[in-house]
Amino acid sequence: MERIAYYPGCTLETTAKEFDITSRAVCHHLGIELIEIPDWNCCGASSAHETNNYLAIALPARNLLKAEELGLNVVIPCAACFNRLKMAEKALKNNYLEFSYQGKIEIFDLLRFLAQSKYLKYLKQKVIKPLKGLKAVAYYGCLISRPPKITDHPQPENPMEMEKILEAIGVDCLEWSYKTDCCGASLVLGRIDIIYQLVKKLYEKALEVGASCIVTACPLCHANLDLRQREINEKFHENYYLPIFYFTELMALALGLKGKEIWFRGHLVDPMPLLTKYL
């Protein structure tokens with residue numbers, strides 16, 4: 001079993017528990033042992049970079065040092081956390097802080113880590129409930145692949161990792177041009193009017209290509225797309241019904257893992273009517 005350090009971050013212990021539960025379950029099923037970084041701290045993704053440049057680097061940097069002490073590469077499910085730890089990595093390698101970081105570990109977002117060919121192979125072998133007929137669009141948001149000078153992503157405007165994973169579990173993954181568009185999650189406290197416009201466009205474009213759901217890898221995107229659907233329906237007199245999934249939830253479902261009653265009950269847009277034939 002491959003061992004890798006795991007940084008869950010704050011949201012996976014609060015509003016995105018279903019992402020944490022299914023990430024751990026899927027990795028275990030694929031032979032990956034997640035070693036949670038001991039005594040990890042908040043990476044400051046929500047606000048540190050707006051208020052204090054030193055803390056914006058020092059907070060995620062401390063987690064990198066903890067992972068390096070384990071002697072393990074680190075994997076991060078949350079797109080915002082991933083972006084902040086990669087930002088810290090660049091700063092540490094340029095001696096921005098006095099921290100004694102050796103730079104000997106690799107940092108992966110969970111999506112890119114699981115899309116490696118060896119895990120795709122395991123995944124295809126272990127699927128027992130292929131999600132055939134489920135039409136989805138992959139939504140990456142802003143932070144997993146961009147900016148490439150931070151994320152080191154080779155295809156920042158057209159990442160394909162989620163499509164590879166979804167197709168491996170039988171999902172009909174549809175092409176669209178909005179996979180890395182911003183949903184405005186960072187504007188939640190000040191410009192809800194902009195959020196409504198950005199999210200509404202994503203619903204419309206997903207439906208235009210025939211999607212029945214949107215799949216994401218970002219807790220902030222998931223919360224924004226799931227939470228705003230009823231508000232937007234009421235405000236714009238629409239009737240959108242688009243369940244929003246974490247990619248690990250669909251993986252867990254296709255792998256036949258137990259616990260769907262727990263991880264799906266946190267959804268505001270009820271996914272059960274769409275998933276009836278796969279349960």
Side-chain angles (χ1 to χ4, degrees), residues 11-12 16 18-20 22-23 25-27 29-30 32 75-83 86 107-124 126-127 130-146 148 151-183 185 199 202-203 205-207 209-226 242-255 263 267 271 274-275 278:
T11 54
L12 270 78
E18 60 270 42
F19 196 13
D20 183 58
T22 51
S23 294
V26 164
C27 285
H29 200 71
L30 295 179
I32 303 162
V75 67
I76 306 163
C78 173
C81 297
F82 166 71
N83 202 286
K86 287 291 289 184
I107 304 168
F108 295 92
D109 70 85
L110 182 62
L111 185 61
R112 198 169 170 189
F113 180 75
L114 291 178
Q116 295 178 90
S117 57
K118 60 181 178 181
Y119 293 125
L120 286 176
K121 180 181 177 182
Y122 295 160
L123 179 61
K124 291 175 183 176
K126 289 178 175 290
V127 168
L131 306 182
K132 292 189 179 300
L134 184 63
K135 297 182 181 300
V137 288
Y139 179 62
Y140 295 77
C142 305
L143 298 173
I144 288 181
S145 63
R146 297 182 301 181
T151 64
D152 298 317
H153 200 290
Q155 296 176 277
E157 301 297 336
N158 187 28
M160 292 297 295
E161 291 85 1
M162 202 184 311
E163 285 88 339
K164 292 177 181 177
I165 289 174
L166 294 178
E167 288 168 3
I169 60 176
V171 174
D172 185 2
C173 203
L174 306 169
E175 292 187 14
W176 69 329
S177 300
Y178 302 88
K179 62 169 72 176
T180 58
D181 270 27
C182 178
C183 71
V199 173
L202 292 173
Y203 296 156
K205 298 303 179 184
L207 290 169
V209 297
S212 55
C213 61
I214 298 175
V215 187
T216 184
C218 173
L220 300 179
C221 297
H222 186 283
N224 209 24
L225 294 173
D226 196 31
L242 276 168
I244 314 298
F245 296 108
Y246 291 110
F247 72 99
T248 51
E249 292 180 305
L250 296 183
M251 291 176 72
L253 190 63
L255 292 169
W263 74 68
H267 289 231
L274 179 65
L275 296 178
Y278 307 109

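All residue numbers refer to positions in the sequence shown, counting from 1.
Residues satisfying the side-chain hydrogen bond (donor to acceptor under 3.5 Å, both in side chains) criterion with N83, sequence neighbours excluded, are absent altogether. Partners of A254 under the side chain to side chain contact (heavy atoms under 4.5 Å, CB included) rule, at least two apart in sequence or in another chain, are V127, L131, I169. Taking Y246 as the reference, F19, H222 meet the ring pair (Phe, Tyr, Trp, His ring centres under 6.0 Å) condition, with sequence neighbours excluded. With sequence neighbours left out, the side-chain hydrogen bond (donor to acceptor under 3.5 Å, both in side chains) criterion links T248 to T22. The salt bridge (Lys or Arg N to Asp or Glu O under 4.0 Å) check on K205 picks up E208, with sequence neighbours excluded. Among residues two or more places apart in sequence or in another chain, the side-chain hydrogen bond (donor to acceptor under 3.5 Å, both in side chains) test is passed with E249 by H267. Scored by the side-chain hydrogen bond (donor to acceptor under 3.5 Å, both in side chains) test, D20 finds Y6, R24 as partners (sequence neighbours excluded). Residues that satisfy the salt bridge (Lys or Arg N to Asp or Glu O under 4.0 Å) test with K179, not counting sequence neighbours, are E163.
Residue pairs meeting the side-chain hydrogen bond (donor to acceptor under 3.5 Å, both in side chains) criterion with at least one partner in residues 166-176, sequence neighbours excluded, are K135-D172. Listed by first then second residue, pairs satisfying salt bridge (charged side-chain N to carboxylate O under 4.0 Å, His left out) with a partner in residues 209-224 number zero, not counting sequence neighbours.
In terms of modelled atom types and a separation under 3.5 Å, the side chain of D109 and the main chain of I144 share no donor-acceptor contact.
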Show me, pair by pair, the donor-acceptor contacts under 3.5 angstrom made by side chains of residues 111-118, not counting sequence neighbours?
{"residue": "R112", "atom": "NH1", "partner": "D152", "partner atom": "O", "Å": "3.4"}
{"residue": "Q116", "atom": "NE2", "partner": "F113", "partner atom": "O", "Å": "2.8"}
{"residue": "K118", "atom": "NZ", "partner": "E2", "partner atom": "OE1", "Å": "3.2"}

